[in-house]
Amino acid sequence: MTATSSAFSSSAFSSYEVAVRAEATLGEGPTWDAAAGRLLWIDILGSRVHGYDPATGRRTVRVTDQHVGAVKPRAGGGLVLNLRDGVGLLDPDGTFRWLHREPVPGRRANDAAVAPDGTLWAGTMRYDEAPGGGTLTRYGADGPVETVLDDVTVSNGTGWSPDGTRMYYIDSPTRRIDVFDVDPADGRVSHRRPFAEIEEGAGFPDGLTVDADGCVWVALWDGAAIRRYTPTGTLDRAIPLPTPRVTACAFGGPALTDLYVTTARVGLDSPHPLAGSLLVIPNAGRGLPQPAFAG
């Protein structure tokens with residue numbers, strides 16, 4: 001199933017604000033941490049985990065020992081991190097340990113997401129973006145590891161429909177958002193097919209999030225925009241942004257109505273002053289509560 005439409009709104013939600021002015025090399029992975037009332041996001045190549053409390057404006061920065069592809073809250077407190085050499089756990093007291101360590105020369109972590117059943121779906125890619133050099137792997141709470149996809153180039157956005165019957169996934173160079181069926185018994189996925197395609201010249205699909213209406217919002221790398229696709233794959237909104245390398249988006253705030261957007265400045269000869277900042281589009285829609293990693 002794939003559908004597009006030229007009849008969409010590019011003006012209804014075009015107003016953005018600067019949540020955190022920053023110069024992240026590769027800002028990524030915004031995630032609302034409901035328990036802490038904060039927005040988590042990362043700078044992959046800067047090896048930094050950022051926290052932002054929109055109620056107080058308080059910001060935190062934690063430096064990691066290696067490049068970090070994603071960070072998510074854990075159900076019992078602390079964080080799970082998709083790192084260059086594997087997946088690690090950070091306890092509330094700051095203690096770190098590996099959940100699964102598997103270093104591969106020339107490979108790093110990239111985007112990750114937590115499924116409705118509390119498992120972590122973590123992506124990897126080659127630093128040189130060699131075709132087929134990445135993976136998508138599913139991590140259970142107590143350590144079970146299952147490779148879901150082993151022929152990925154740039155593993156990126158992953159998200160689930162409100163009823164949990166679909167999983168959306170992006171391998172960026174394909175210029176597609178794909179969709180899988182989800183087995184309700186064990187959470188495994190099957191029947192991969194195209195959901196929506198990004199046309200030539202509009203950028204590459206990067207991070208995504210799914211809202212409470214089942215619509216898929218996607219960030220466009222080198223596209224200077226966020227798009228929303230309906231559950232049928234029809235493009236119905238586009239939000240222009242000031243800097244081209246838009247990397248990911250997620251709903252946050254107490255009511256999950258504000259869309260937070262990460263950006264990057266890596267590879268830009270003359271980056272826009274807001275490249276690498278965390279942006280926010282107030283009252284953009286209605287997000288879904290995101291599960292914490294069960295481990």
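On a predicted model such as this, the values are computed, not experimentally measured, just so you know. Only this structure's heavy atoms are used, side chains among them; waters, hydrogens and symmetry mates stay out.
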Report task. Identify the heavy atoms of Thr31 and Val71 that sit nearest to each other, and give their distance. Result -> OG1-O, 3.8 Å

Requested in this report: Sequence neighbours left out, what passes side chain to side chain donor-acceptor pair (under 3.5 Å) with Arg126? Give chain and number order.
Outcome: none

Report summary line: Taking every heavy atom of Pro291 against every heavy atom of Ala115, the minimum-distance pair comes out as CG-O, 3.2 Å

Report task. Report yes if the side chains of His50 and Asp43 come closer than 4.5 Å at any heavy-atom pair, otherwise no. Result -> yes

Query raised in the report: Is it true that Leu26 and Leu274 fall in one hydrophobic cluster, defined by side-chain heavy atoms closer than 4.5 Å?
Result: no

**Report entry** Tyr168: ring pair (Phe, Tyr, Trp, His ring centres under 6.0 Å) partners, not counting sequence neighbours
**Finding:** Phe195

Requested in this report: Report whether Val49 and Tyr52 are members of the same hydrophobic cluster (ILVMFWY, side-chain heavy atoms less than 4.5 Å apart, transitive linking).
Outcome: no

Query - Non-neighbouring partners of Thr137 that pass side chain to side chain donor-acceptor pair (under 3.5 Å), sequence neighbours left out - result: none

Report task. Sequence neighbours left out, what passes side chain to side chain donor-acceptor pair (under 3.5 Å) with Arg84? Give chain and number order. Result -> none

Report task. If a pair satisfies salt bridge (Lys or Arg N to Asp or Glu O under 4.0 Å) and one of its residues is in residues 144-159, list it, with sequence neighbours excluded. Result -> Arg138-Glu146, Glu146-Arg188

Report task. Measure the OG1-CG distance between Thr209 and Leu259 for me, rounded to the nearest 0.5 Å. Result -> 7.5 Å

Query raised in the report: For Ile170 and Leu208, which heavy atoms make the closest approach, and how far apart are they?
Result: CD1-CD2, 3.7 Å

Query raised in the report: Considering only heavy atoms from C-beta outward, does the side chain of Val216 approach that of Ile177 to under 4.5 Å?
Result: yes

Query - Donor-acceptor pair between Asp206 and Thr247 side chains, under 3.5 angstrom - result: no

Report task. Assign the ring pair Phe180 / Tyr169 to parallel, tilted or perpendicular, where the plane angle (0 to 90°) is split at 30° and 60°. Result -> perpendicular

Query raised in the report: What's the spacing between Arg59 CZ and Asp53 CG if we round to 0.5 Å?
Result: 12.5 Å

Query raised in the report: How far does OG1 of Thr153 sit from CG of Asn110, to the nearest 0.5 angstrom?
Result: 11.5 Å

Report summary line: d(Trp217 CH2, Arg227 CZ) to nearest 0.5 Å is 13.5 Å

Query raised in the report: Can you tell if the side chain of Leu149 reaches within under 4.5 Å of the side chain of Arg192, non-hydrogen atoms only?
Result: yes

Query raised in the report: Do the charged groups of Asp91 and Arg97 touch, with an N to O distance under 4.0 Å?
Result: yes

Query raised in the report: Taking atom OG1 of Thr25 and atom CZ of Arg265, what is their separation to the nearest 0.5 Å?
Result: 8.0 Å

Query raised in the report: Counting distance only, does the side-chain N/O of Ser277 pair as donor-acceptor with the main-chain N or O of Leu279 below 3.5 Å?
Result: no

Query - For the student: nearest non-hydrogen atoms of Pro205 and Ile198, plus distance - result: CD-CG1, 3.8 Å

Query raised in the report: Can any side-chain N or O of Asp213 pair as donor or acceptor with the backbone N or O of Cys215 at less than 3.5 Å?
Result: no

Query - Side chain proximity check, Pro54 to Tyr260, heavy atoms < 4.5 angstrom - result: yes

Enumerate donor-acceptor pairs with a distance under 3.5 Å from any side-chain N or O in residues 98-107 to protein atoms, sequence neighbours excluded.
{"from": "His100", "atom 1": "NE2", "to": "Glu102", "atom 2": "OE1", "distance (Å)": "3.2"}

Report summary line: Between Asp186 and Asp117, the two heavy atoms sitting closest are O-OD2, 4.2 Å

Report task. Return yes if a side-chain donor-acceptor contact under 3.5 Å exists between Asp236 and Thr234, otherwise no. Result -> no

**Report entry** Side chain proximity check, Thr257 to Pro282, heavy atoms < 4.5 angstrom
**Finding:** no

**Report entry** Side-chain touch Ile281/Ile239, heavy atoms, less than 4.5 angstrom
**Finding:** yes

Query raised in the report: Atom CH2 of Trp41 and atom OG1 of Thr263: how far apart are they, to the nearest 0.5 Å?
Result: 7.5 Å

Query raised in the report: Between Arg245 and Asp222, does a salt bridge (charged side-chain N to carboxylate O under 4.0 Å, His left out) hold up when you go through it step by step?
Result: CA-CA 5 Å; Arg245 300 206 152 165; Asp222 282 345; 2.7 Å; yes

Report summary line: On a heavy-atom basis, the closest approach of Ser155 and Gly123 is OG-CA, 3.4 Å

Query raised in the report: Are any of the side-chain nitrogens in Asp211 or Arg286 under 4.0 Å away from the carboxylate oxygens of its partner?
Result: no

Requested in this report: Measure from NZ or CZ of Arg175 to the centre of the six-membered ring of Phe204 and say whether it is under 6.0 Å with the direction within 45° of the ring axis.
Outcome: yes

